[in-house]
Q: 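Take a look at the following structure, please.
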6 protein chains.
Amino acid sequence: MLRLNPPGFLRFGQAHTFDIAFGGGEANVSASLANFGMATDFVTRLPKNDLGEACLAYLRSHGVGTAKIIRGGSRIGIYFLENGAVQRGSKVIYDREGSSIAQIQKGMIDWEAVFADADWFHWTGITPAVSESLCGVCLEGIVKARQMGLTVSCDLNYRAKLWQWGKKAKEVMPELVRGCDIAVGNEEDADKVFGIKAPDTDVVAGRVEAEKFAAVAEGLKQAFPNLKLIGITLRGSISASHNTWSGILYDGAQLYRGAVFDITDIVDRVGGGDAFVGGLIYGLRTYGNDLQKALDFAIAASCLKHSVIGDFNLATVDEVEKIMAGETSGRVSR
Amino acid sequence: MLRLNPPGFLRFGQAHTFDIAFGGGEANVSASLANFGMATDFVTRLPKNDLGEACLAYLRSHGVGTAKIIRGGSRIGIYFLENGAVQRGSKVIYDREGSSIAQIQKGMIDWEAVFADADWFHWTGITPAVSESLCGVCLEGIVKARQMGLTVSCDLNYRAKLWQWGKKAKEVMPELVRGCDIAVGNEEDADKVFGIKAPDTDVVAGRVEAEKFAAVAEGLKQAFPNLKLIGITLRGSISASHNTWSGILYDGAQLYRGAVFDITDIVDRVGGGDAFVGGLIYGLRTYGNDLQKALDFAIAASCLKHSVIGDFNLATVDEVEKIMAGETSGRVSR
Amino acid sequence: MLRLNPPGFLRFGQAHTFDIAFGGGEANVSASLANFGMATDFVTRLPKNDLGEACLAYLRSHGVGTAKIIRGGSRIGIYFLENGAVQRGSKVIYDREGSSIAQIQKGMIDWEAVFADADWFHWTGITPAVSESLCGVCLEGIVKARQMGLTVSCDLNYRAKLWQWGKKAKEVMPELVRGCDIAVGNEEDADKVFGIKAPDTDVVAGRVEAEKFAAVAEGLKQAFPNLKLIGITLRGSISASHNTWSGILYDGAQLYRGAVFDITDIVDRVGGGDAFVGGLIYGLRTYGNDLQKALDFAIAASCLKHSVIGDFNLATVDEVEKIMAGETSGRVSR
Amino acid sequence: MLRLNPPGFLRFGQAHTFDIAFGGGEANVSASLANFGMATDFVTRLPKNDLGEACLAYLRSHGVGTAKIIRGGSRIGIYFLENGAVQRGSKVIYDREGSSIAQIQKGMIDWEAVFADADWFHWTGITPAVSESLCGVCLEGIVKARQMGLTVSCDLNYRAKLWQWGKKAKEVMPELVRGCDIAVGNEEDADKVFGIKAPDTDVVAGRVEAEKFAAVAEGLKQAFPNLKLIGITLRGSISASHNTWSGILYDGAQLYRGAVFDITDIVDRVGGGDAFVGGLIYGLRTYGNDLQKALDFAIAASCLKHSVIGDFNLATVDEVEKIMAGETSGRVSR
Amino acid sequence: MLRLNPPGFLRFGQAHTFDIAFGGGEANVSASLANFGMATDFVTRLPKNDLGEACLAYLRSHGVGTAKIIRGGSRIGIYFLENGAVQRGSKVIYDREGSSIAQIQKGMIDWEAVFADADWFHWTGITPAVSESLCGVCLEGIVKARQMGLTVSCDLNYRAKLWQWGKKAKEVMPELVRGCDIAVGNEEDADKVFGIKAPDTDVVAGRVEAEKFAAVAEGLKQAFPNLKLIGITLRGSISASHNTWSGILYDGAQLYRGAVFDITDIVDRVGGGDAFVGGLIYGLRTYGNDLQKALDFAIAASCLKHSVIGDFNLATVDEVEKIMAGETSGRVSR
Amino acid sequence: MLRLNPPGFLRFGQAHTFDIAFGGGEANVSASLANFGMATDFVTRLPKNDLGEACLAYLRSHGVGTAKIIRGGSRIGIYFLENGAVQRGSKVIYDREGSSIAQIQKGMIDWEAVFADADWFHWTGITPAVSESLCGVCLEGIVKARQMGLTVSCDLNYRAKLWQWGKKAKEVMPELVRGCDIAVGNEEDADKVFGIKAPDTDVVAGRVEAEKFAAVAEGLKQAFPNLKLIGITLRGSISASHNTWSGILYDGAQLYRGAVFDITDIVDRVGGGDAFVGGLIYGLRTYGNDLQKALDFAIAASCLKHSVIGDFNLATVDEVEKIMAGETSGRVSR
């Protein structure tokens with residue numbers, strides 16, 4: 001997706017220029033992994049025009065593999081982002097109807113070839129929400145990935161404004177999630193998609209209580225016994241400029257809790273959840289069975305994302321590990 | 001339409017920001033007239049979101065009336081513009097499928113109310129090209145305008161990449177043009193839409209010969225006897241940075257020729273034809289029967305447009321009249 | 001007034017560009033009302049040059065009526081604004097001597113025509129401070145507005161650096177305020193203009209105590225029994241980047257208190273008081289006798305202003321009502 | 001003077017930022033000399049505020065001495081500049097009424113101290129045009145300079161829009177010019193100020209004929225026998241983007257002609273005349289009696305000015321000498 | 001190399017920002033080929049820091065392979081570029097002493113691995129000029145490339161300011177060129193490096209006469225019989241804004257001449273020669289033995305480069321072929 | 001040094017432009033003093049190219065004397081700065097190898113002439129770290145300054161990444177510091193350079209305890225009895241966006257403590273220590289023996305630096321004195 005946002009804190013009505021970036025759930029995770037040095041490919045469909053080329057160039061520049069992207073259709077999806085501040089929240093206008101990826105048809109992607117050298121497939125709940133045919137292609141990929149023995153992870157990522165194509169998330173997502181090994185979400189996703197609620201939470205007020213969210217993780221595990229690992233991101237929204245941030249991980253047996261970060265001067269919170277997933281996948285592949293360390297990496301990585309403009313998390317492994325080690329003082333590195 | 005273009009001479013693949021403007025055939029003519037001090041309203045359909053609001057604000061800032069614009073649909077049409085230089089031509093990517101105006105339906109615009117205080121209706125050949133329903137609404141407007149006694153003018157404005165909705169320009173345009181009093185176009189429009197050709201012209205080489213184009217004007221008159229006035233713009237394309245520019249006017253009896261301007265350092269040629277129409281309508285309403293003066297105003301106005309960034313011609317009446325008087329030396333006014 | 005400010009946090013001596021906006025007390029209130037969807041006209045005098053035109057276009061783009069603005073004089077007033085941060089306060093350089101509005105003369109504005117369709121007239125204490133003749137025109141307007149039955153409101157807005165034309169605020173303002181129904185100010189205005197002090201307040205330290213300011217409201221009521229409603233804005237200045245913000249309303253009988261907002265990452269605080277007035281007028285006209293709700297709207301609206309660049313408050317009614325409902329978490333709206 | 005101009009080719013009504021520079025006749029000459037390595041001081045009056053400081057910093061950065069500038073008054077003069085292109089000329093809005101320099105009074109400048117170490121005094125016809133008191137101060141300077149034996153030069157620089165203070169150029173300038181050794185101007189200055197005309201010239205059409213302008217130089221010499229040297233700049237205005245440029249020098253005996261430069265892609269022509277004067281003073285002081293070389297240096301220097309943004313000519317002596325040597329091919333220097 | 005240049009036409013002393021790009025002879029050729037869709041790798045040495053990473057990302061974004069780039073050393077070479085206009089030429093400041101590539105040592109690049117899948121090796125005369133060790137590494141590459149049967153091409157690219165390491169171009173280049181199949185240069189390269197002169201040429205004046213340059217091509221062939229193909233670029237420098245541009249190709253038997261392009265509004269001429277080489281290599285590989293077509297492609301491609309900002313030529317094959325077909329009118333493509 | 005930094009919060013890999021400034025330890029102190037109105041000269045060596053000229057212009061614009069700067073060598077040192085936010089610290093890449101100042105040789109600076117009119121010499125620990133020859137020149141200066149009776153002050157300024165020329169700080173600095181009257185540093189400098197540690201401090205956590213640092217001051221006094229005054233800056237790093245800031249002063253007898261400032265929205269912390277030194281030197285020279293006031297000035301001045309972009313502290317004496325007086329509320333000054 002092409003991301004267009006007025007510079008700094010300008011509102012849509014004040015903008016005379018848009019800053020250009022590209023992003024979107026799966027692309028963001030792919031970029032995180034590439035940035036941490038892992039080989040990764042982003043699979044999507046882009047139009048054959050200069051905007052499609054620009055998107056490819058952007059992905060390549062961030063080290064994301066683009067060889068498996070197919071071309072066709074008439075337009076690239078766009079999202080317009082207005083950056084919020086203090087009490088004024090950020091605003092997103094989606095303009096993805098009729099995009100090349102929304103108009104994809106089953107069979108267009110050769111999943112067997114796509115997965116030939118792969119061992120992991122990640123998708124997000126935004127994808128099946130966009131169009132019926134894309135939902136079908138997503139399921140196609142999940143099924144093939146399982147067949148070929150890949151680990152399958154998903155980010156529930158509920159977006160109420162999408163899901164306009166006929167079916168609702170709660171009707172469709174269960175089948176998709178049943179094909180997954182790992183699911184990540186927040187309390188809103190679990191509630192809105194599966195009706196699983198955290199008791200008594202008051203996220204708006206900024207209090208983040210990991211214990212309460214354990215119930216969400218457990219609820220997801222009960223609903224989807226196939227899930228070997230469930231991650232929950234915990235965002236406390238004090239204002240558009242100040243959030244708390246943490247996460248938990250649940251493997252069906254043990255609940256892992258991470259540090260809570262106080263993010264006081266948010267630069268760009270879009271992509272924070274994707275940065276968590278990117279960090280988690282990196283952590284799981286790097287630290288093996290040390291789930292605590294994988295969680296800590298995921299939280300630290302996504303904490304740093306809030307200081308980076310754009311959808312992509314550009315924090316390096318070194319920088320994430322510094323945060324994990326408690327060096328959050330932001331001293332000048334020279 | 002939202003116009004997004006990389007700043008200066010950057011190519012699409014190099015852009016990190018887009019400059020924002022709004023434009024489009026009829027809007028550009030409306031803005032020209034507003035800029036010359038004439039009351040004018042732009043009629044279209046815009047989505048109910050912040051981009052729709054931004055478009056309204058932009059039109060209002062240029063003095064264009066917006067009270068007759070209806071709201072609804074899901075997106076604003078976009079066109080991406082890459083500015084050319086020397087041998088490299090400018091490039092346009094249209095992204096207007098599914099736009100609010102493309103999805104307009106007959107009956108949505110209350111043409112009677114729209115025309116209540118009006119005495120002139122202008123439309124361009126881009127409008128019926130966008131979608132079948134929009135084509136219908138355009139015809140609706142033309143018919144009602146004639147009924148209510150307005151002068152109806154059109155710019156043929158052939159765009160090959162549009163006309164994707166089933167019928168072609170040559171099938172549709174004749175009926176629409178038969179409802180008009182005035183038509184403006186260039187030799188390519190006449191050829192592509194009605195098969196009327198100028199003999200032996202070599203526009204690319206920059207030679208502009210008014211005589212030859214008289215045949216085009218006459219051909220149009222014969223095909224559409226309803227046309228009281230036919231204008232032809234004459235662009236000689238030496239390079240993306242250097243054009244010659246002129247026009248002719250034909251009232252069925254006499255052919256009026258204008259000065260040929262040498263535009264050596266083009267700043268932005270998009271909207272040049274619309275500026276000609278805007279100037280012509282202003283001229284016809286201001287100078288009464290002095291068709292030569294109306295033509296001269298139209299050419300001088302649109303000549304100046306080439307030095308103005310954006311689709312809208314911001315030349316003032318004073319500035320146009322200076323050019324008409326031969327003051328093209330570009331001296332500092334202080 | 002033309003507002004010129006170095007971008008971001010650059011100091012005057014570092015600026016190589018100025019960001020351009022237009023603003024000023026009454027214009028800001030007008031823009032607030034237009035933004036909330038109310039018909040409004042701004043009355044002023046602007047020079048007949050391109051800067052005057054640019055100001056008109058800016059006002060029009062924000063929906064402010066400009067038909068009653070007169071043209072003449074030699075220059076538009078300018079104010080230069082340097083944006084502060086943390087301990088470094090913002091800095092304003094006024095350059096309005098000899099401006100078209102300062103040189104206005106009695107009789108130039110046809111107040112009867114201006115007020116023909118109006119039911120409300122708002123002015124600020126900055127206006128009579130600029131020049132003797134402008135002070136006279138302001139009084140002219142107040143008198144005519146009362147005659148014609150309009151509600152008259154004022155913002156005391158004391159600016160020490162103005163009032164250079166001979167008389168001081170305390171000599172002039174009483175007569176003007178005696179023509180008003182509603183007055184808004186802060187503790188400094190009341191003190192400097194009328195010698196009415198709040199007991200024991202320490203605003204600098206950031207503690208805002210509504211009770212103490214009740215005395216100011218009461219003092220104003222006693223001095224000006226004509227005032228049916230008195231509003232006081234309460235700003236606690238912790239630093240240039242962090243303020244607390246609230247307000248009270250007093251109708252002579254009851255004191256209404258509003259929520260106190262903690263504004264931690266101020267984007268632009270200029271125009272905060274005008275946004276309060278704009279919100280108050282909107283609230284009073286919308287919520288009828290529910291003064292508490294009107295006050296809450298005023299505070300919430302002006303709280304949001306601090307996150308918006310420029311003098312004008314671009315918060316929508318929806319956004320203000322969300323804040324009134326306690327949704328200050330700044331979550332992304334998508 | 002503060003110079004504010006919309007970036008690139010934006011018109012005043014399109015600008016959202018102004019580029020900042022400082023300039024003005026005498027300052028420009030001073031900067032030219034500083035840039036060529038000559039010690040120079042600019043004498044003016046600036047307000048005691050951050051804009052005054054910014055002007056000082058700007059002058060210092062270009063090597064212009066600022067120790068003799070006095071401070072006081074309320075505002076810095078401003079000029080707004082819109083950059084023209086092709087047929088659309090550049091536009092200047094002066095906003096210098098009430099500026100610190102306009103309000104200067106006789107006696108404020110200690111001319112004796114100012115000239116203590118100086119041997120040259122240059123002034124322009126803009127200065128006496130601004131206000132009566134400034135005209136008086138200018139004369140004060142000329143008289144004192146002559147007394148102390150300095151060479152006095154002037155640029156006639158006629159600006160019709162100035163001269164609003166009561167007397168006209170033709171009433172005032174003769175006395176001032178009678179105190180000079182050297183005068184520079186163009187055919188318009190000579191005509192408008194002294195009624196000395198060039199026969200049959202058609203500058204607009206771009207034809208520059210040095211011979212015809214010899215008459216102007218001779219006319220000036222006859223009117224002011226005190227002038228030892230008269231320079232005339234010859235600008236042929238083909239369009240705002242394309243000028244021809246040359247000059248002549250006349251010492252009462254011989255007429256020196258320079259090369260004619262074809263300036264096809266003008267970047268910024270403001271200050272071109274001042275660059276000629278700066279180059280001439282440098283040339284006269286450097287090449288002694290070789291008037292041809294001094295003229296050639298002046299023309300080459302001011303030719304280069306047209307490729308430099310801002311009022312100041314930043315061409316170096318090396319660069320000017322290359323042009324004098326005929327190296328106008330604009331090859332990359334690496 | 002990191003390329004830093006003041007935006008637009010600002011001079012070094014006026015810049016408050018630098019535009020960032022990356023470039024350099026071989027990189028530019030590589031980018032041309034990638035842009036035309038050919039697989040290509042750039043071989044160099046970059047420091048292990050964020051600037052090295054940024055260079056890699058830039059190359060990747062343009063499709064250039066980076067897998068063979070080695071990392072190490074302390075700094076990336078920089079060149080500062082000031083964009084000229086009209087009579088003022090562009091200016092380059094090299095800052096490449098001590099760069100990672102300058103400090104490379106023989107053996108650091110595993111040429112055998114680098115050439116494993118390759119069939120073409122291109123180098124430029126800038127490389128051996130930078131440092132003695134880099135010159136050695138370049139020779140190492142040429143020798144290995146010949147051994148492994150690659151086609152070897154070079155661009156003579158004489159830069160007088162380089163060659164500071166002890167030996168001069170004329171001492172070193174012959175050995176390097178003797179290892180080549182194809183050489184490209186201009187008349188200055190041939191003269192300065194090998195003492196081969198074109199008779200009577202006056203390039204500065206803009207006259208380009210292919211016949212005269214045939215002698216240069218023949219001279220090179222006689223000096224280096226190993227050269228199967230010799231290309232000469234013909235630049236006529238009328239001003240920094242206006243050049244003519246063409247080229248010739250000589251295979252020892254026949255001289256091929258190309259069209260002469262008039263480039264009137266140069267956007268960025270840096271990299272023009274590299275774009276010629278990139279086009280020539282593409283043409284030779286695509287059109288087989290049709291040397292005329294290869295030359296035409298090379299000239300058209302490099303003509304278009306002059307309208308593209310940055311060192312890299314971003315013209316597509318389609319765009320180049322349009323120019324070859326004579327479509328140089330720069331019409332809008334929509 | 002040339003300072004190049006991506007605008008706003010962009011990371012190195014995202015930057016398409018660099019903001020340009022100049023700075024470095026001693027230059028920053030010099031600029032502080034000039035800004036406070038004291039005559040000051042910066043002594044360094046700059047290359048004879050346009051970047052050297054730009055540095056001179058920048059210094060001059062800030063009022064720093066440049067007459068004692070010598071020219072030569074091949075390049076200006078560069079440092080690249082990435083601005084951090086919240087948990088992500090700022091990052092500096094030094095690129096100063098082979099710079100003109102690094103390649104200076106003893107005898108190049110005529111210290112006797114430099115110090116002719118001076119009474120104070122300040123240097124920082126960065127200077128001897130850069131190269132052996134520069135270390136020698138620095139010692140040369142210190143010795144001559146003492147001989148000529150100047151006060152000598154130093155900032156210990158330990159930079160681990162420098163000191164690559166053979167000797168380490170602990171081997172070299174003692175001799176240099178023995179030539180000083182005043183030394184300023186932080187706890188890290190004292191520890192890393194002289195092994196003098198503060199007991200039990202936990203600066204990262206943001207707690208700043210002046211008492212503990214008294215031990216550091218005393219340790220320095222014991223090690224260097226020549227030091228008449230020792231200043232310690234106390235920075236508490238809560239995050240990259242939020243620091244506490246204070247300082248102490250020790251004259252061998254009494255310990256002076258200053259206020260602790262809470263800097264919540266840091267704009268640019270680079271140069272904070274230099275701003276402290278600049279403030280201290282100003283304070284010592286202005287307030288005579290009132291060491292408390294000198295310290296308070298130093299802390300307040302450097303507190304304000306954190307709100308100013310660039311290395312140079314642009315706070316005025318008035319602004320600093322306001323902070324000293326407790327006015328830290330950041331109210332708008334108008």
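Letters go in sequence order (proteins before strands), and every chain restarts at 1.
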Q: Assess whether atom NZ of F/K168 is packed by more than 12 heavy atoms of other residues, nucleotides or ligands within 6.0 Å.
A: yes
Q: Kindly state whether the ring of F/F80 and the ring of F/F18 have centres lying under 6.0 angstrom apart.
A: yes
Q: Between F/E188 and F/K192, is the closest basic N to carboxylate O distance under 4.0 Å?
A: yes
Q: Between A/D268 and A/V270, is there a donor-acceptor pair closer than 3.5 Å when you use the side chain of the first and the backbone of the second?
A: yes
Q: Name the region of A/V267, side chain, backbone, both or neither, that has any atom closer than 4.5 Å to a heavy atom of chain F.
A: side chain
Q: For residues F/D191 and F/K197, report the shortest heavy-atom separation together with the two atoms involved.
A: OD1-NZ, 2.8 Å
Q: Can you pull out the residues in residues 294-324 of chain A with any heavy atom less than 4.5 Å from chain F?
A: A/C303, A/L304, A/S307, A/V308, A/I309, A/L314, A/A315, A/E319, A/I323
Q: Quick check on side chain to side chain donor-acceptor pair (under 3.5 Å): which of A/T40, A/D41, A/D274 does A/S30 satisfy it with?
A: A/T40
Q: Identify which part of F/R88 has an atom lying under 4.5 Å from any heavy atom of chain A, answering side chain, backbone, both or neither.
A: both
Q: Strictly distance-based, threshold 3.5 Å: is any side-chain N or O of F/S237 a donor or acceptor partner for the main-chain N or O of F/S239?
A: no
